[in-house]
Amino acid sequence: MKMKKISFIATVVTALLSAPTAFAADEKVRLVVSSYKNTTSESGVLSSASVSTTSTNSNVCISSPNMETEWCVPGDVVKTNTMTTQSYKANKALQSAVVELDSYGYSASEIAATLRSTGQFDEVVEDVVVKSAYTFTQYDPLKSLLDSYMGAPSDEASGSNIYAAYELIGTSTGDNIDVLVFDSGFFEHDDMNYSVGGGRSFVTRNGGVPSDNYSPDPEQTRSECGQHGLAVASIIGGTINNASGTDGITNAANIHPIRVMECDLGYASDIARGLSWASGEEFDAFGDEESNASPYEGKVGVINISIAGYTGALSEDGISGGCPLYLQDSINKASDAGWTIQISAGNDNTNANEYAPANCENVVTVGATDWDGDKAYFSNYGDNVDIVASGAELPVACDENGDMCLFSGTSGSSPVVAGIMAMVMQDTGIDGKTLEMLLKVTATKRNFGDECATYGCGAGLANAKSLLAAARDYMDGKLNTISFALNEGDDCEQAWFVDYFGDAASLCELYSVKFFGGNTLSNATYKLFHVSEGSDLNDEVNQTLVGEYTKGQVMLTDLVIDGYDFGFKICEDGECGDVFELNTTAASESERPKSCQ
């Protein structure tokens, strides 16, 4: 194997959304217009004198500020109610359109503001332009590089305990897990086996049409267009122990190359197209557009998107910045379908809440650590970061003839987490939402330094072994439990506690409640409740609150177990997530401690 020792540094994807600039009169601008619509057809009700409809093509036309020309957008994205409220959004679907308009000398932001000012749309934003950049350096042989993020955190400061997870799994059995890699530059390589027939392109830049051809243009060389997608895919699923390229995290995965950029440049709306396709919807999220892309035929699994575009933080009035509606809507659909979506936090050493999709909901936003276990100097940070993994000089497949390169950035840390998630999901069959929660509660902060303490590195460093063990326990009903506290010791220990700690009756009615195996999630509250036996745990009408706790394990007395089912929710910042059921088998009368019988 030729070892070229190249390092992709700062694979950052940034949006070209700076201060408004003057456009030539004949230039085009690209916007995404969105509104919440009834599932049945609606017709727009327009009140502004500067707005008109053209019946021949159902377009809505808005006059420019100087009233000398107009811009026309599809009428089916006009909302019927000029007031956008939560009740207005209820039971409505988001409808979006990507439009390319003549600038007439105005900037994209000025045109977007003009359309928004009519009050006829829920959102009008510039389509986020994304690109990547990288440089090259030399480094060391393969084994030590793999150790740096696959080793145990006790040995490697940024080690995610992947080797230890391998030992638990042994030889993988069952069907491979499907992994979609949204990226560009999916060049061929001896070390990378893409899923046969599984790739797609959703690139619409420069007149592109969605298709089944994910490969780069034959006239585009690796040096001209980069190999970002190849590098990211190889971290997840590069062929293990083949003396070529690198070793991926799992080979029990079908790697689907999903091209959403061309030569490391593209639009966030094309990411949204791909997500809608993955959720089982028709290829097109934005109206009647041409497509040659075949429907998705795999199963739900893991998605990795090592792309970040600058949007700015969400403004206090909720009008500008933040995750665009059209992108959030497509993410929600994919998440609801069962996908777990890993996103790179971005490489600008600033708050991740300014970058999409990292600032969207229902994703796992991944920051990067350096070899010393602290936040990497380039990694974005903040409350939007959910988890971190090594992003420093990761070995990846590159070039031709089995070459290996080094890759640095959150574009590398995200596929490390995606690979871990794929490995655990394939082994256990656990659902994506639960796996995302376990990823956070099993993470470790043992090697964090001042940078992570100051800026925030999420729940901690991903720990593959702990995550796998927790997922197995969850699937076996052993993770969330209520049991007699005395049964956590042997018979002699039980007798000793009863003899030396006062009221035996109280000790015999002491219950140990474990949320996620007793793991504590920082800044979260565990809300414990019960329902009548056989009732729907998810129906809040049935729920009676038992208590709220900040620790992953609590000792409680006076619980009435018979006749009730128990569940809990994890609440963060006042918002509670899904309901998890507690297994009460170990708290039944047949399990009462011997010293209490």
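Along the sequence shown, the residues carry numbers beginning at 1.
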**Prompt:** Is the backbone of S466 close enough, under 3.5 Å, to the side chain of N161 for a donor and an acceptor to pair up by distance?
**Reply:** no
**Prompt:** Roughly how far, to the nearest 0.5 Å, is OG1 of T369 from CD1 of I387?
**Reply:** 10.5 Å
**Request:** Output the distance between atom CE (M261) and atom OG (S201), rounded to the nearest 0.5 Å.
**Result:** 11.5 Å
**Message:** Treating D247 as the side-chain partner and G238 as the backbone partner, does any N or O pair qualify as donor plus acceptor under 3.5 Å?
**Reply:** no
**Prompt:** Can a donor-acceptor pair be found between the side chains of T311 and N359 at a distance below 3.5 Å?
**Reply:** yes
**Message:** For a quick test of reading the model, state the closest non-hydrogen atom pair linking Y381 to G456 and the distance between them.
**Reply:** CB-O, 3.5 Å
**Request:** Indicate yes or no: does D336 engage K333 in a salt bridge with an N to O separation below 4.0 Å.
**Result:** no
**Item:** Point-to-point distance, once rounded to the nearest 0.5 Å, from CE of M423 to CD1 of I169
**Value:** 5.0 Å
**Request:** Take Y474 and T428 through the test side chain to side chain contact (heavy atoms under 4.5 Å, CB included) and record every step on the way to the result.
**Result:** CA-CA 9 Å; Y474 177 83; T428 63; over 6 Å; no
**Asked** What closest approach, in Å, do T204 and P210 show between heavy atoms, and which atom pair accounts for it?
**Response** CG2-CD, 4.3 Å
**Asked** What are the two closest heavy atoms between S413 and A389, and how far apart are they?
**Response** CB-O, 3.3 Å
**Prompt:** Under a 4.5 Å cut-off applied to non-hydrogen side-chain atoms, are V77 and S34 in contact?
**Reply:** no
**Asked** To the nearest 0.5 Å, what is the distance between CG (L435) and CE (M421)?
**Response** 3.5 Å
**Request:** May I ask you to check whether over 12 heavy atoms, not counting those of D212, lie within 6.0 Å of atom CG?
**Result:** yes
**Expected output: side-chain E393 to main-chain S408 donor-acceptor under 3.5 Å** = no
**Request:** Check whether any side-chain heavy atom of N447 sits under 4.5 Å from a side-chain heavy atom of S158, and report yes or no.
**Result:** no
**Item:** Taking every non-hydrogen atom, the tightest pair across A108 and E126
**Value:** CB-OE1, 3.5 Å
**Request:** Assess whether side chain to side chain contact (heavy atoms under 4.5 Å, CB included) is satisfied between I162 and I420, documenting all intermediate values.
**Result:** CA-CA 8 Å; I162 297 169; I420 292 171; 4.1 Å; yes
**Request:** Please confirm whether the backbone N or O of S269 pairs with a side-chain atom of D127, one donor and one acceptor, at under 3.5 Å?
**Result:** yes
**Request:** Kindly indicate whether the side chain of L327, heavy atoms from C-beta on, has any atom under 4.5 Å from the side chain of P357.
**Result:** yes
**Asked** Does any non-hydrogen side-chain atom of S234 lie less than 4.5 Å from one of H189?
**Response** no
**Asked** Does the side chain to side chain contact (heavy atoms under 4.5 Å, CB included) test come out yes or no for S195 and I255, once each step is laid out?
**Response** CA-CA 5 Å; S195 178; I255 305 295; 5.6 Å; no
**Request:** Kindly indicate whether the side chain of P415, heavy atoms from C-beta on, has any atom under 4.5 Å from the side chain of Q342.
**Result:** no
**Asked** Does CD in E297 sit with more than 12 non-hydrogen atoms of other residues, nucleotides or ligands closer than 6.0 Å?
**Response** no
**Asked** Is it the case that S344 and S306 place a side-chain donor and acceptor less than 3.5 Å from each other?
**Response** no
**Asked** Between W339 and Y296, is the ring centre distance below 6.0 Å?
**Response** yes
**Asked** When you look at V209 and N292, which way does the side chain to side chain contact (heavy atoms under 4.5 Å, CB included) test go after all the steps?
**Response** CA-CA 7 Å; V209 175; N292 298 317; 4.0 Å; yes
**Message:** Using the rule side-chain contact (heavy atoms from CB on, under 4.5 Å), only one of I343, L439, T365, V417 pairs with D386; which is it?
**Reply:** T365
**Request:** Please answer whether the main-chain N or O of A293 pairs with a side-chain N or O of S291 as donor and acceptor at a distance below 3.5 Å.
**Result:** yes
**Message:** For the backbone of G237 and the side chain of N251, can you confirm whether one donor and one acceptor N or O come within less than 3.5 Å of each other?
**Reply:** yes
**Item:** Flag for N332-N362: side-chain donor and acceptor within less than 3.5 Å
**Value:** yes
**Request:** May I ask you to test the K445-C452 pair for a side-chain heavy-atom distance under 4.5 Å?
**Result:** no
**Message:** In terms of relative ring orientation, are Y194 and F186 parallel, tilted or perpendicular, with 30° and 60° separating the classes?
**Reply:** perpendicular
**Item:** Side chain proximity check, R472 to D427, heavy atoms < 4.5 angstrom
**Value:** yes
**Prompt:** Can you list the residues that meet the side-chain contact (heavy atoms from CB on, under 4.5 Å) rule with A470, with sequence neighbours excluded?
**Reply:** L438, T442, L479
**Request:** Answer with yes or no whether the side chains of N347 and T410 bring together a donor and an acceptor at under 3.5 Å.
**Result:** yes
**Request:** Answer yes or no: is there an ion pair linking D370 with K375, defined by an N-O contact shorter than 4.0 Å?
**Result:** no
**Asked** Is there a donor-acceptor contact under 3.5 Å linking the side chains of N463 and T444?
**Response** no
**Prompt:** Once you round to the nearest 0.5 Å, how far does CD1 of I249 lie from CD1 of I235?
**Reply:** 7.5 Å
**Over all atoms of both residues, closest heavy-atom pair of A352 and A358** = O-CB, 4.1 Å
**Prompt:** Is a side-chain N or O of W371 found less than 3.5 angstrom from the main chain of A392, in a donor-acceptor match?
**Reply:** yes
**Message:** Determine whether a donor-acceptor pair (N or O, by modelled atom type, separation under 3.5 Å) exists between the side chain of E156 and the backbone of M150.
**Reply:** no
**Item:** Pairwise side-chain contact, Q227 with V396, heavy-atom cut-off 4.5 Å (strictly under)
**Value:** no
**Prompt:** Can you tell me if S279 uses its side chain to pair, donor with acceptor, with the backbone of S276 under 3.5 Å?
**Reply:** yes
**Complete:** From the list V364, I331, L275, T340, side-chain contact (heavy atoms from CB on, under 4.5 Å) with I303 holds only for L275
**Message:** Show the nearest heavy-atom pair for residues A345 and N380, with the distance to one decimal.
**Reply:** O-ND2, 2.9 Å
**Asked** So, D178 side chain and K299 main chain: donor-acceptor pair closer than 3.5 Å or not?
**Response** yes
**Message:** If you count heavy atoms of other groups shown closer than 6.0 angstrom to OH of Y455, is the number above 12?
**Reply:** no
**Message:** We want to know whether D348 and Y310 form a side-chain donor-acceptor pair, criterion being a heavy-atom distance below 3.5 angstrom.
**Reply:** no
**Fill in**
dist E451:CD -> N349:CG (nearest 0.5 Å) comes out at 7.5 Å
